[in-house]
Every structure is written in C-alpha cells, then in structure tokens.
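By convention in this document, chain letters (A, B, ...) are assigned in the order of the sequence lines, proteins followed by strands, and residues within each chain are numbered from 1.
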There are 2 protein chains.
Amino acid sequence: MVRLRAHSGCERRTGVDETVAGQARAPVRGAGPRGVEAAGPKGTVTERAIEQIKAMIAEGRLEPGERLPTERDLAARLGISRSSMREAIRALTVLGVLEARHGSGIYVTQLEAGDLLETFGVVADLSRGPQLVELLEVRRILESTATALAAARITEGELAEVEKHLAAMNATDDPEEILSHDLAFHRAIVAAAGNETMAAILEGLSSRTFRARVWRGYQEEGAFARTRREHAAIHRALVAHDPEAARAAAAAHVGEVEEWLRTQLRG
Amino acid sequence: MVRLRAHSGCERRTGVDETVAGQARAPVRGAGPRGVEAAGPKGTVTERAIEQIKAMIAEGRLEPGERLPTERDLAARLGISRSSMREAIRALTVLGVLEARHGSGIYVTQLEAGDLLETFGVVADLSRGPQLVELLEVRRILESTATALAAARITEGELAEVEKHLAAMNATDDPEEILSHDLAFHRAIVAAAGNETMAAILEGLSSRTFRARVWRGYQEEGAFARTRREHAAIHRALVAHDPEAARAAAAAHVGEVEEWLRTQLRG
DNA sequence: ACCATGGAGTTGGTCCGACCACTACGACCG
DNA sequence: CGGTCGTAGTGGTCGGACCAACTCCATGGT
C-alpha cells in the first residue's frame with residue numbers, strides 16, 4: 001500500500017491553468033441554491049432543450065419542413081452550450097422529428113408516419129424471447145386488418161404490383177431474394193389499405209433484420225411450401241375482394257410463424 | 001426591408017490562437033483519401049457509433065441491465081471523441097435503449113416493451129390532421145382486440161380495478177379527473193389482455209397530451225353521456241366474459257371519436 | 001444577355017480540454 | 001462495529017477551435 005495521497009491542502013486540480021487566462025467563470029450559473037431563477041427545475045439541460053424544441057413544433061411555432069435557427073443561435077437562445085444543444089438536436093434527429101443537412105441547416109421533417117415511426121424498427125431489432133411473440137401478435141392483428149381493408153379497396157394497378165412480387169417469389173430459390181419479395185408482397189398489400197400510419201408501423205414490425213432472425217429458423221424447416229400456399233390464399237381473397245377471407249388468410253399466415261416461435265421458446 | 005445582413009469585412013475569427021502552442025494536429029485522422037482504412041464509409045461518426053452500440057446489444061455482447069464502459073473508454077475504443085460518443089449515447093437514451101445514471105455509469109435498459117415504446121408518445125403528440133385519424137384507426141383496431149382478449153381472460157381482481165376507475169369517472173365533473181380515470185380505465189383493461197407490447201403501444205396512442213387535444217373538443221359537445229354509456233357497455237361485456245361484445249363495444253367507442261374527428265377535418 | 005466558375009461566408013460535424021455535480025467505495029474515527 | 005468523511009471515478013456542461021459541405025453571388029468568359 002503505497003499510500004501516496006492525502007497530504008492535505010493539496011491543489012488537486014487547479015494549478016494547471018495559467019496557460020490560458022484564468023477562467024473568470026465564477027458566477028456561471030447555479031450560483032444560488034436553485035432559488036427563484038428562471039431555469040426549470042427539470043432534469044438535464046439537454047432534456048429541457050429537447051422538450052422545448054418539441055413544444056415549439058407541437059405549438060405550431062415551427063411548421064413541418066421549416067428551417068430552425070442555427071445550432072449556435074439555438075444554444076444561445078436557450079442559454080446552453082452548443083454541445084448540449086447538439087445532443088438535443090441529435091436526439092430529435094434519431095426520433096425522426098428533425099433533419100440536419102450539413103452546410104445548410106436543420107429542418108423539421110414533414111412529420112409524416114414514415115418519418116416518426118422509423119424508430120419502430122429498433123424495437124423489433126432489440127426485442128427477444130417472449131417479447132418477439134407479443135410483437136408478432138400485434139403484427140397479426142394489424143396485418144390481418146390491413147389485408148382485409150386492402151381486399152375491399154385494392155385497385156387493378158395495386159393488385160398487379162402484388163402479383164409481381166408473388167410471381168418473383170415463386171420463381172427463385174435464393175432465400176435472400178425470397179425474403180425481399182416476401183417483404184415487398186406484404187408491403188404492397190398494406191399500402192393498398194390506405195392507412196400510412198399503419199403501414200409505417202408494420203414496416204417496422206417486418207424490418208429486414210427482424211424477419212431474418214425469425215424466418216431463418218422457420219423456413220429451414222421446409223415451410224416454403226406452406227408459405228406459398230398461404231400467400232396464394234391471401235392473393236385469392238384480394239382478387240375476390242373478400243375482406244373476411246383476406247383477414248383470415250393473413251391472420252393464419254402470421255399466426256403460423258407466431259405459433260412456431262412459441263414452440264421454439266418452450267423447447 | 002432593412003436587410004442588414006452582410007456587413008462584409010470584419011475579422012471574424014482567426015488570429016486568436018497563439019495563446020496556446022500551435023496545434024500540431026496535422027495528421028490527425030482521415031489523412032488518407034479514405035482508402036483501405038478500417039472506418040466504414042457510412043454517415044457521420046455519431047451514427048456509426050449508434051449502430052455499433054446497437055449491434056453490441058443485438059449480438060448479445062451487452063445484456064439487458066449490464067453496465068457499459070465509460071463514455072471516455074467507449075469513445076477511445078471506437079476512435080471517436082467523447083462529444084460524438086455522448087451524442088450517440090444520448091440518442092440511444094431517448095430511444096429507451098440506454099439509461100445514464102449520473103456519477104454511476106451507463107446501463108442497458110431491460111429492453112422491455114415499456115422502455116422501447118415510450119417514444120411512441122412523440123408520434124401521437126406531433127401528429128396532426130389526417131394523421132390523427134389514421135392513428136385513431138390503429139388504436140381502434142388494437143384496442144378493440146385487446147378488449148376482446150381481456151373479456152376472455154380478465155380475473156376478479158383486474159375487473160375490480162376496472163370498476164374502480166369506472167365508478168370514479170362517473171362520480172366527478174372535473175374534466176381533468178375524468179380524463180385521468182378514463183385513461184386508467186382503458187389501461188386496466190388493456191393490461192388484462194396480457195400483451196405488454198400491445199399495452200405499451202396503446203399507452204403511447206392514448207398519451208395524455210394526445211387525448212387532451214382530441215378529447216377537449218369532443219367532450220365539449222356534450223359527449224359525456226354517450227361516453228358513459230359506451231363505457232358501461234364495455235364493462236358489461238367484460239363481466240359477461242363475452243369477447244365479441246367487448247370487441248364491438250370498444251371499436252364503437254373509439255370509432256365515435258374517430259368519426260367526430262373526421263368531420264372536424266372536413267368542416 | 002446568359003451561364004459556368006470560383007471564392008467567401010454560413011452552417012453542421014468533429015475534436016479537445018477543462019470543470020462541475022453526483023455516486024460509490026473505502027479509510028478513518030467514535 | 002457502524003457512521004462519517006474523503007476521494008476517486010463517472011456522467012453533465014461548457015467553450016473554443018478546426019474541418020467539411022453547402023449557398024450564394026460576383027466574376028468572367030461565351
């Protein structure tokens with residue numbers, strides 16, 4: 001035990017400046033014991049900044065597509081450092097609320113379903129175990145309803161798009177390509193349902209990595225044939241414009257995977 | 001139009017160094033023309049850091065609840081500055097993936113539905129116009145199914161919780177309190193459905209600010225009586241353990257608001 | 001008159017280093 | 001043995017410097 005500390009009255013830090021003029025930063029902020037100052041008593045300054053920007057948008061002081069002031073401006077305006085402001089902006093960027101264009105400025109996104117629900121994919125990618133089953137259950141509910149809606153509304157052009165991917169899926173043996181067209185098949189159907197918000201949620205629930213994780217094992221068990229039959233059933237219902245048949249077919253389709261995953265977790 | 005921008009000249013910055021020894025920062029990084037170096041050619045370093053941390057969790061190298069290395073460590077490990085690393089961490093924090101405890105460290109959350117879907121509320125808070133209708137349609141689909149599931153599974157204890165809020169809601173005239181118990185009423189039902197993921201999504205779709213925005217106008221039109229009747233119908237179906245009746249009652253309940261909002265947008 | 005071009009200024013992206021605030025853990029003292 | 005007080009360690013904040021990408025306009029050639 002060397003024991004080389006203590007020696008009271010030491011200078012700890014300090015004594016290192018003198019390179020630059022002493023930082024006259026005595027009365028920075030928080031000098032008072034959090035008295036009647038202006039700053040809200042909430043959490044970190046960054047969190048406060050996030051809330052304030054969100055509030056600006058919610059209150060309509062910032063319209064979708066509109067450009068925000070500079071990072072430097074914003075920071076000065078809220079009385080925080082640019083670093084903290086950047087953290088706030090980054091946070092809102094990953095949430096799909098803001099969009100930063102290097103050299104140009106920061107803009108509010110269109111706040112459409114696709115923008116805001118992109119993060120939904122993260123949930124699907126990081127969930128595991130029983131949570132995956134719950135996620136599939138949600139997908140079953142939404143996708144079956146969406147498919148039913150699509151059966152009632154789908155146009156000739158949209159149906160052609162669906163059939164294109166259905167044919168492509170049946171014409172190849174490359175798992176990668178099958179997965180791609182499988183995704184596109186369902187995406188085309190959901191798009192025909194006419195609810196972009198639902199489509200965006202389902203997009204997240206069917207994200208590439210999510211499906212790759214679950215379907216890998218599923219299809220290795222020779223489920224290709226069954227998948228094909230189920231897709232055909234969904235397609236028939238769409239052609240017949242039969243919502244209830246479409247709902248049942250879609251629910252069964254997702255339900256199959258769901259049930260398989262459930263047994264996997266038990267074993 | 002004053003247009004007092006410009007004001008050319010002015011020495012801007014530069015000429016301020018010389019306080020510290022010249023920064024011998026010539027060959028920092030990126031010296032080579034992005035040749036065969038290690039760094040991925042993707043977007044900003046921060047985005048890369050976000051993806052890498054996410055990957056660490058997805059691959060199981062970081063377990064839920066586990067503590068991460070220091071910000072300083074992490075930054076050094078990925079070869080980026082602490083500032084950039086902090087932005088990445090902040091982003092994952094707002095996504096509900098990480099949790100920072102001041103003075104202690106950074107931890108992976110339990111990655112449960114509630115953690116990851118908290119951001120869903122942002123969508124509801126920032127959506128407007130037609131998107132609100134789409135959001136309500138999603139809620140109608142999910143909530144009606146959840147209520148049906150609850151009717152089949154609900155226990156005596158859970159039913160008592162539901163009835164508590166139903167009674168409290170009918171016993172007051174304070175809109176604030178009604179809203180609170182209304183939320184709790186539906187929350188208790190959805191909880192009885194047994195799918196935490198669905199519950200978390202519906203929680204976001206019924207966030208306080210969201211409901212306040214829509215409900216305000218809706219209830220001002222004297223919809224209290226109707227709301228009460230609908231709640232009673234839902235309750236009856238739960239008591240009778242009748243899933244289909246519960247589904248219909250819940251769908252009608254949300255559908256009423258949905259339809260009202262639709263007319264609002266037209267007018 | 002019109003368009004390509006180039007440079008200057010603006011703005012986000014990255015980095016550094018310092019200091020502050022909080023926590024955890026262990027030595028010290030009663 | 002248990003409470004107390006430091007101290008080291010960690011996230012939080014700050015300010016400044018420089019880099020890289022974009023914008024806009026003056027310039028000059030066609």
Side-chain angles (χ1 to χ4, degrees), chain A residues 1 3-10 12-26 28-31 34 39 43-49 67-76 78-90 93 98-107, chain B residues 5-26 28-31 34 39 43-49 67-76 78-90 93 98-107:
Chain A
M1 316 310 202
R3 185 70 68 91
L4 46 70
R5 67 189 176 294
H7 75 296
S8 66
C10 77
R12 219 158 90 64
R13 300 162 191 163
T14 73
V16 197
D17 29 1
E18 95 187 42
T19 58
V20 193
Q23 50 272 34
R25 209 196 304 166
V28 188
R29 179 184 52 84
R34 199 170 275 295
T44 68
V45 287
T46 301
E47 285 165 12
R48 248 177 295 164
R67 191 194 144 168
L68 276 70
T70 319
E71 288 182 346
R72 296 162 171 92
D73 261 15
L74 236 33
L78 301 190
I80 67 179
S81 70
R82 190 164 68 118
S83 313
S84 301
M85 179 53 73
R86 274 189 60 76
E87 283 185 28
I89 293 170
R90 173 70 66 181
T93 296
L98 299 182
E99 181 189 351
R101 296 182 210 156
H102 192 164
S104 173
I106 305 168
Y107 301 78
Chain B
R5 228 199 324 233
H7 76 293
S8 63
C10 88
E11 67 295 68
R12 234 162 76 64
R13 32 196 102 123
T14 70
V16 199
D17 29 2
E18 91 189 44
T19 57
V20 194
Q23 49 274 27
R25 206 193 313 158
V28 188
R29 179 184 54 82
R34 200 171 274 293
T44 70
V45 286
T46 301
E47 285 166 11
R48 249 176 295 165
R67 193 195 141 166
L68 275 71
T70 314
E71 288 181 347
R72 296 164 170 89
D73 261 17
L74 235 34
L78 301 191
I80 67 180
S81 72
R82 185 154 85 110
S83 313
S84 301
M85 179 52 74
R86 272 189 61 77
E87 283 184 27
I89 292 170
R90 172 71 64 184
T93 296
L98 299 181
E99 180 189 350
R101 295 182 211 156
H102 191 162
S104 173
I106 305 166
Y107 301 79

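Residue Ser84(B) has no polar side-chain atom (N or O) positioned under 4.0 Å from OP1 or OP2 of dG13(C). OP1 or OP2 of dT14(C) has at least one side-chain nitrogen or oxygen of Arg90(A) nearer than 4.0 Å. For the pair Arg86(A) and dG12(C), the criterion of a side-chain N or O lying under 4.0 Å from OP1 or OP2 is not met. Dashed line: the shortest gap from a side-chain N or O of Ser104(B) to OP1 or OP2 of dT23(C) is not under 4.0 Å.
Per the geometry, CE belonging to Met85(B) stands 15 Å off C1' belonging to dT10(D), to the nearest Å. In this structure, Ile80(B) places its CD1 atom 16 Å from C1' of dC19(D), rounding to the nearest Å. Here the C1' atom of nucleotide dG12(D) and the CD atom of Glu87(B) are 14 Å apart, to the nearest Å. Rounded to a whole Å, the CZ atom of Arg48(B) is 13 Å from the P atom of dG13(C). In this structure, Leu74(A) atom CG and dG13(C) atom P are separated by 13 Å, rounded to whole Å. The CZ atom of Arg82(B) sits 10 Å away from the C1' atom of dG17(C) (whole-angstrom rounding). The nearest whole Å value for the distance from the CD1 atom in Ile106(A) to the C1' atom in dG13(C) is 11 Å.
Counting only Watson-Crick and G-U wobble pairs whose two distances sit under 3.5 Å, DNA chain D takes part in these stems of three or more pairs: C:1-30 with D:1-30.
With sequence neighbours left out, the side chain to side chain donor-acceptor pair (under 3.5 Å) criterion links Arg90(A) to Glu87(B). Scored by the side chain to side chain contact (heavy atoms under 4.5 Å, CB included) test, Thr93(A) finds Ile89(A), Leu98(A) as partners (sequence neighbours excluded). Legend: residues meeting side chain to side chain donor-acceptor pair (under 3.5 Å) with Glu71(A), ordered by chain and number and at least two apart, are Arg82(A), Arg86(A). Listed by chain and residue number, Ser81(B) satisfy the side chain to side chain donor-acceptor pair (under 3.5 Å) test with Ser84(B) (two or more places apart in sequence, or in another chain). Under the salt bridge (Lys or Arg N to Asp or Glu O under 4.0 Å) criterion, Arg67(B) pairs with no residue, sequence neighbours left out.
In this structure, of dG13(C), dT11(C), dT13(D), it is dT13(D) that holds the atom nearest to the side chain of Ser81(A). Comparing atom distances between the Thr70(A) side chain and each of dG12(C), dT10(D), dG12(D) picks out dG12(C) as nearest. Which of dG12(D), dG13(C), dC16(C) sits closest to the side chain of Glu71(A) comes down to dG13(C). Here dG12(D) is the nucleotide among dT10(D), dG12(C), dG12(D) with the atom lying nearest to any side-chain atom of Thr44(A). Between dC15(C), dG12(D), dG13(C), one nucleotide has an atom nearer to the side chain of His102(A) than all others, and that is dG13(C).
Heavy atoms of Arg101(B) sit under 4.0 angstrom from primed sugar atoms or phosphate atoms, though from no base atom. Contact annotation for Ile89(A): no contact, since no heavy-atom pair falls under 4.0 Å across all strands.
Nearer to the 5' terminus of DNA chain D, by closest-nucleotide assignment, is the contact made by Leu68(B) (compared with the other of Ser83(B) and Leu68(B)).
Taking only distance into account, the side chain of Arg72(A) meets the base of dG12(C) through a donor-acceptor pair shorter than 3.5 Å.
Evaluated for a side chain to side chain contact (heavy atoms under 4.5 Å, CB included) with Ile80(A), the options Thr46(A), Thr44(A), Leu74(A), Val45(A) yield exactly one hit, Val45(A).
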